[in-house]
Structure formats: C-alpha cells, structure tokens
Amino acid sequence: MWIPLNICLYLSFNYITATFISDSCQLQGRFKLNGMYQVGDFIIGGLFEVQHLKVFPELTFRTEPELPQCEEFYMASFQQALTMVFAINEINNNNDLLSNIMLGYQIYDNCLRLGVAFRAAISLVSGTEESFSDLNCTGPPPVIGIVGDPGSSQSIAISSVLGLFRVPMVSYYATCSCLSDRKKYPSFFRTIPSDAFQVRAMVQILRHFGWTWVGLLYSDDDYGIYAAQSFQQEMQLFGGCVAFSEILPYDNNHRDIHRIVGVIQTSTAKVVVAFSTDLSSLMDELLSQNVTGRQWIASEAWTTTPVLQTPQYLPLLGGTLGIAIRRGQIQGLHDFLIHLHPDNNPKNSTIKIFWEKMFGCKFEAVDEQQEQGGTKCSGHEDLSSTETAYTDVSELRASYNVYKAVYALAHAIHDLMQCEEGRGPFSGNSCADITNLKPWQLVHYLQKVNFTTGFGDRVSFDENGDALAIYDVMNWHPRSDGSIVVRTVGVVDEGATTGKVLTLDENALYWNFEPKKPPQSVCSESCPPGTRRARRKGFPVCCFDCLPCGDGEISNTTNSPECVMCPDEFWPSPENDHCVPKEVEFLSYEDPLGISLTTASLLGTSFCALVMVIFAHHRNTPVVRANNSELSFLLLLSLKLCFLCVLLFIGRPQLWTCQLRHAVFGISFVLCISSILVKTMVVIAVFKSSRPEGKSAIKWFGSAQQRGTVLALTSTQVAICTFWLSTASPTPHKNNHYIRSKIVYECAIGSVAGFSVLLGYIGLLAAVSFLLAFMARKLPDNFNEAKFITFSMLIFCAVWITFVPAYVSSPGKYAVAVEIFAILASSFGLLVAIFAPKCYLIILHPERNTKKAIMGRSTQNK
C-alpha cells in the first residue's frame, strides 16, 4: 500500500508545481510499455499478463530506475488481450449498441509485475500526451474505464488509487474476496467470481453427494489460507465437518509431505478437498505409498492444470471433481485471431512481439541472425497453420470473462446515453454530459448493468461489484491412451432463475471406484426416521450415535436432532416415524374376554330361570313354601338382574350405559341382599316363635312386613343412585393415563363419594345379613336355611373384599372385567349356596321334600 501512496503523492506534487510555474501540464516521464492501441470516441484501457518480467531492475533510490525488459511470452494471455480488441470491434459494428459512438482501446502488458502494472495504470488514466493546456479538464478522460488487472495483488494496489477518482475498473481474473470491500474499492468490478463464491460452489458439490466428512489440504499462502478459512466456515453452515486440515509445505519438505500422506491414509474421510496450485510432490508421495480410493475435489487453481493429467496419476486422480471458470463460446473469435497482422504503429508493439515469438523471426536487426540462419518477419505469415494456446478457442474461460467485461462497460455507456434530461440519476435529476464525461458517472451505470451474452449467461453486478457466480463443474476422465481428459459435467450458477444452484449430468460422471458409484464419506451413517442423533462426546458434530425415540415420540426426517411427541390421541407407529391414531380399548363383545363374560352372564341368567321354573313347578312342596316362597322368587329375580346387568358393562361406553350400569348393579344387589336379609330374619323369627317367650315374634314379621322391609331397603339404594346420577352422573371418558399407547374408553364414575356410598350400602346389608345368618346357623332344623345363607354371604363378602384392590390395580378394560367377575362370582355364589341344596332335594330326593322330613329334627328333640 505504501508504493501506490508514494506514487500518488509524487504525482500530486508534480501537478501542483506545474500549475504554479506553467500554463500547461507537462508529462514528467514516459514509461516504456508494450501494448496495443486504437483510436475512438471513448477509450477503454486494458491490463494483461502477456509477458513475464523475471528480473526487476535494481532500485537504489539514487538514480532513475532502468526501464524493465519483459521476457517470456504467454500465448493464452495474448489471446485474452485480443479478445478485448475483438469485443470492441464487434460493438463498433453493432447498430443496436452504442450507435454513432466508436470505442477505442489502449492495452498495456503488465509483465506479471506490480510495479509495471501500476505504471501502466497511471499511464492509462493520465494519458501519454507530452503537454496538456486545458486545465479545466473538459472533454472525455484519457480512458473511461479499465479492463483488468488479472492479478489480485495488482488489482488491490491499482484500485486503491483509482478508486479515489472513481475510475471504473473491471477485472476478469482477480478473485481475492478482499476486493469485495466497497469502502476500500468503490469503483472495482469483476466478471470472475471471488474466492468466497468458489468455496460455496465446492460446498454445493459436497452437499449434492452427501459428503459431510472431508479432509482439507491448502497451500501455505494467502490464497490457500483464506480459502481454507472460508471453506471451514461454509462447512459449518452446511452441517459438514473437516476430518483433518493440513497445510502443504511451501518448500515441499519431504518429511512434512510424508506426514500428510499418513494423515490421509489413516483418516476415515474418503473425500479430500485441496486449495493449491502445486500438488505434484504430494501426489508423487501418495502414488509411492499406493494411497488410492480417495475422491479429490479440486479448486479452480488446479482443476484444469495439465501437469497432473498424465497416465501415472490416473489411479489416484481419476474421477476428480473440480470447478473451473465458466467456459463460453464467442462466435467469430477464431477467425479474428488467425487473421491478425502486425502494422508499423509503435503503439501496437505487442503484436510485433507476438509475431516474432510465434514464427521465430525478427522485424529489425536481423543481419546477425541471417548469418546464423535467422529469418526476417514479413508480417504476412499464416496463423491458420499454427496450433498454440493463442488459436485454441475450445476452452474460453479467462477470455470469456474479458469479453463480458468489455460488454459490461459498453452497456454502461449505452445506458448513460439513454438518459432523458430531467429524469436523470444525478443532482437535480440531471444526466451525464457526454462531452464532459466523469468516471464516477459511469460507475453509477456500471453498477446497474444487466444483460445476457450470446452464450446465454446473464451479466450483472451485486452491491459489492461481484459478478453472478457461475462455475463449470469438471470431471477427470480417462483417455484410451491412459492419460486424463477434463470434461464439463455441470454448472454451479447462483443466479439461476430456476433456483437450482447446482446442475449435474449424473450420467456423464466418471467414478474411480468399484462399483462405478460415488463413495460415501460420512463420520456416522445417517440416522433413519424413528431415531435421533446423539453427538459423541469429544467428536465433531458429524460424529454421532442414533438413538431410538422414546415412548410417544417420533422423528419423520433423516438425521433428526430431536424426537417430537405425538398429540394426545395419537401414538407412534412401530417404526416411530409417524403418528397413528391410538387404539381405543374397551371390553367389547368381540373380545375373547368379553365373549367369555357374556357367556357366563347368560349362563347365570339361564340357571336362575331354570331354578324359577323348578320352584314354580314345585311351589306347593315344603322346601319351596318354607321360609316364604315369595322371597325366594324375589331373590331369584334379583339374581337374574345381577347376571343381566353385566351386559351393560360390555361394549363401547355410551352415556346411557354408563348411567345405568352402576345404578342397575347397585339396585339389583341391594334387592338381592335385602331379600336374603329378610329371609334370615324370618328364620330367626320362626324359631323364636317356637319358644314360649317368643310366640309373638312371628306376628310382627309377616308377609307384609317382609315385603315392606325389602322395599324400604331397596328404595334407599334407589335414592342413593338418583342423587348420584343427578349431581355427578357417570359419563364416557377417554383415558390416556392407564396405558400411554392406547386410549381406554371407560365410564368415569363422576363422583367417587357417590360410588363409595353405593358400594358401602351394599356392604352394610351384606355384613348384617352375614351376622344374622351366622347367629342362626345352629338353630335346630333338618333343613336350616341359615347355614346356607351364612355360606353364601361369606362367599359374597370374600369376593367384594378382594374386588377393591384388584379393581384399583387393573388397567383399562381389565378393571371392567374385574368388576364383572366380582358381580358374576358373587351372583353365582348366592345362587349355588342358597338354591342348589333345595334343587337337590326337589329333584334327586323328593322323598325328603316333606314337612315331616324337614321338621324331623325338631320332633325328635321334643
């Protein structure tokens, strides 16, 4: 930065001095620069790397430096310079673009040296006239813009100075991302993407193939270091990881190269990204150790280099993917190049130098050469018979960028000339004065340029002066002779209207693997849906374990970082990759358990009906008539209701079934237990009446009193049920808490207190009945019914005491099954214990079904 600053101060000082001592500006010195020139209404400057200055003149700071002598000639770079000439001529012949305006050019060779490039830039912007008397600076500037410089370092230095005067500079090959700083370089533009875009393009390729675990190699220079930093940042945004990162030694130290090869060989990464211009030493060492089976990703710096495209590197580098500057086609360029001829204009010295290098002849001072067999150039030699990089237009990359740069400046001038006075973009809605054009006015229009080339590429600049990022994706294919040919297999276009940044021809790709498919390069295999990623401690984010989702959770994407809960009424599928409606569980008639309980219920009902038929048929026998046959029929009816109420507990819960099931159950059992209680009281009253002191007991407990007692006791339960149903009625309820994977469809009891009072009342009557029957069990009689009542109530109480813990601990439909089982067990217990002995006598021993036989024991006692 000090060199440009010193030069700028020096020029400013000379300008101020000349202003005070003379009425005209005098050219202080003339640089010896090779170039090409064409006159025009507006001149476009150009800076190209046509020759190479190997030895720069010594700077003693005591004498004026010697003028540099450039040596090696680069045919490809000269083609780029001629592409600028071709583009300007094409524009001049185009009536639709800059009609009535002729563009000229002044092109200089920078000799790949910053000092020469800066001198050439100063010559362009200051002009080469010996004196200049118009101090008002009217008229167009010497150049309205510059195409170049191709080098990043030269562009940084030149644009730092030209940016102060807002002279537009459009580079076709400077890629340093630092040039995107608009504050430092306000008038710098470029038609080649910056290194930041290059890294993004390479990451797009990695993303496309799912390569998240890659190695990184980069050269020990600004290009490699900055590119590696950008690459690692982009990999983090992409979600990938760098398995290893190694700096390639600047001096190709064998020990360092050997160590890097060991790192590549031991790493699990199958993809290696390299940012460097010199990989020969590394590749030789990889070949010597037979380290193959790696997919190489090449940066733009070595994608198309011919050094590595030899047969010996095919096993190692075959199938390499890389990016290259967008290749274009320019119609008519080849014909223009081969029809070039030198002239005698000293401003076109570069053409003569080219001609001498191409044909090995000289235009001047050839006497000594003629003696040695040298030839003199005629200027009419045939370029069509030559085959060099100059005439090769099959890979127009840098030249295509030059072509776009010239057209960008031309379109900016064209847009500037289309301005309508009073509607302009400058102060007071004014337009630029074409006769007194200022460079900063052209910068305004250049920033807004937007056009499409004949090849179909759109050209425009973003707010930083960067062109739309377009790269060709290259693939290294084997030739029949074993060498390598680089073929275009896709495009990376960040400005694509389709939104698809990367476009690849999958069928055109060559893979140096068996089978011929892209390799896998991941630290951990992708976690399938139904699992989540769990990062391994101490490893990069790409290294993880796959853990199955927990109960109630799913993940429906690959590599999901977290599992999500299903909604309340949903449950994960068996694969845990989507939610399905929960299974609704209730005791149904189709369920085996439901079928069994229904069968038992109907069987119990049938037994009750059978006993009623038997009792009705033998209603006049002593066994049936003993102890009030009316209570026996009422008891059988209540037992039948107990058996039938079970059916209300089976099936899909509904409001009416939920309300009836417990009410019918409670009333039926109270009717049953109250009948048993009254029968027990009748037994006790009968035997008490047989004694002198209890003769009046039976008259106070006749049939009316028995019916009234049963009715009163049952009415109490009816009142309890009525109050319960009217205040907190049971309702159908979907319960998610018993079993998380199912919805238990049940009847919520509504009020725990109401249900407890209902059961407590039944329990109270059962306890009283049991106590009375237990006291009456030893009363004298051949057929003492109190014994059977005692046994039946013992079964009843045992069943319902065990029911409570079993009901509480049973989940879902099994809680309903436990309640049904308790109803059936207690009902069968009462039916069998009370009526089985009577049916036994009636059917199998009718001879004992007599009053005498029943009262036999009492007669003997008397």
Side-chain angles (χ1 to χ4, degrees), residues 33-40 44 46-52 70-94 103-112 147-148 150 172-173 304 306 325 327-366 369-370 372-407 453-455:
L33 299 168
N34 295 318
M36 294 179 287
Y37 176 79
Q38 175 178 294
V39 68
I44 298 178
L47 297 174
F48 293 86
E49 298 174 341
V50 179
Q51 291 180 280
H52 183 199
C70 302
E71 300 175 12
E72 291 185 26
F73 196 92
Y74 296 108
M75 295 293 177
S77 297
F78 185 65
Q79 182 201 74
Q80 297 163 16
L82 263 293
T83 302
M84 176 176 171
V85 175
F86 170 80
I88 289 176
N89 289 341
E90 191 176 65
I91 293 168
N92 289 337
N93 294 324
N94 187 348
L103 293 180
Y105 55 82
Q106 176 67 72
I107 298 173
Y108 287 128
D109 177 14
N110 69 10
C111 295
L112 274 78
V147 175
Y172 58 91
Y173 218 71
T304 57
I325 301 169
R327 181 182 67 86
Q329 294 180 0
I330 304 176
Q331 297 294 328
L333 177 62
H334 183 264
D335 289 340
F336 175 80
L337 294 176
I338 62 175
H339 288 93
L340 177 70
H341 289 284
D343 57 26
N344 295 321
N345 189 341
K347 292 186 177 181
N348 289 327
S349 58
T350 304
I351 298 179
K352 285 190 174 182
I353 297 172
F354 158 73
W355 206 264
E356 292 175 348
K357 297 293 182 181
M358 175 65 78
F359 296 104
C361 59
K362 288 287 185 178
F363 282 98
E364 299 173 356
V366 296
Q369 286 194 2
Q370 286 180 348
Q372 301 173 2
T375 59
K376 181 178 180 179
C377 299
S378 67
H380 299 288
E381 286 82 1
D382 187 8
L383 285 172
S384 62
S385 61
T386 62
E387 291 185 6
T388 63
Y390 169 74
T391 56
D392 183 9
V393 294
S394 61
E395 293 290 327
L396 295 179
R397 300 188 186 278
S399 297
Y400 185 50
N401 283 345
V402 173
Y403 185 79
K404 292 190 290 186
V406 174
Y407 265 87
T453 68
F455 189 57

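Residue numbers count from 1 along this sequence.
- In plain terms, the two heavy atoms of Ile88 and Gly104 that are nearest each other are CD1-O, 3.8 Å.
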Can you check side-chain contact (heavy atoms from CB on, under 4.5 Å) on Glu356 and Ile351, steps first, answer last? CA-CA 9 Å; Glu356 292 175 348; Ile351 298 179; over 6 Å; no

Might you work through the side-chain contact (heavy atoms from CB on, under 4.5 Å) test for Val402 and Phe86, ending with a clear yes or no? CA-CA 10 Å; Val402 173; Phe86 170 80; over 6 Å; no

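- Looking only at distances, no side-chain donor or acceptor of Asn34 sits under 3.5 Å from a matching main-chain atom of Ser349.
- Side-chain atoms of Thr386 never come within 3.5 Å of backbone atoms of Thr388 as a donor-acceptor pair (strictly under, hydrogens ignored).
- A side-chain donor-acceptor contact under 3.5 Å links Asp109 to the backbone of Gln51.
- Atoms CD1 and SG, on Ile353 and Cys70 in that order, are 8.0 Å from each other to the nearest 0.5 Å.
- For residues 329-340, no residue pair satisfies the side chain to side chain donor-acceptor pair (under 3.5 Å) rule, not counting sequence neighbours.
- Remark: the backbone N or O of Gln106 is not paired with any side-chain donor or acceptor of Gln38 at under 3.5 angstrom.
- Between Pro150 and Leu47, the shortest heavy-atom distance links the atoms CD-O, 3.4 Å.
- Using a 4.5 Å heavy-atom threshold, the side chains of Lys357 and Trp355 count as separate.
- Identified under the salt bridge (charged side-chain N to carboxylate O under 4.0 Å, His left out) test for residues 384-396, with sequence neighbours left out: Glu395-Arg397.
- The side chain to side chain donor-acceptor pair (under 3.5 Å) analysis of residues 76-89, with sequence neighbours excluded, yields the pairs Gln79-Ser399.
- Residues Cys111 and His52 have side chains not in contact (no heavy-atom distance under 4.5 Å, counting atoms from C-beta outward).
- Going from atom CD1 of Ile107 over to atom CG of Leu33 covers 13.0 Å, rounded to the nearest 0.5 Å.
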As a quick check of understanding, evaluate side-chain contact (heavy atoms from CB on, under 4.5 Å) for Val393 and Ile330, giving each step before the final call. CA-CA 8 Å; Val393 294; Ile330 304 176; over 6 Å; no

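- Minimum heavy-atom separation, Arg327 to Phe455: O-CE2, 3.2 Å.
- Distance check, rounded to the nearest 0.5 Å: CG of Leu82 to CE of Met36 gives 5.0 Å.
- When all heavy atoms of Phe48 and Met84 are compared, the closest pair comes out as CE1-SD, 3.7 Å.
- Remark: the backbone N or O of Leu396 is not paired with any side-chain donor or acceptor of Tyr403 at under 3.5 angstrom.
- In this structure, a donor-acceptor pair under 3.5 Å is absent between the side chains of Glu49 and Tyr173.
- Taking both residues in full, the closest heavy atoms of Thr350 and Gly35 are given as OG1-N, 2.8 Å, listed atom of the first, atom of the second, then distance.
- Between Phe354 and the options Phe78, Phe359, Phe363, a ring-ring contact (aromatic ring centres under 6.0 Å, His included) holds for only Phe78.
- Distance OG1/Thr304 to CD1/Ile325: 7.5 Å, rounded to 0.5 Å.
- To the nearest 0.5 Å, atom CG of residue Asn348 and atom CG of residue Asp343 are 4.5 Å apart.
- When all heavy atoms of Leu383 and Leu337 are compared, the closest pair comes out as CD1-O, 3.3 Å.
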Please step through side-chain contact (heavy atoms from CB on, under 4.5 Å) for the pair His341 and Glu381, ending with a clear verdict. CA-CA 8 Å; His341 289 284; Glu381 286 82 1; over 6 Å; no

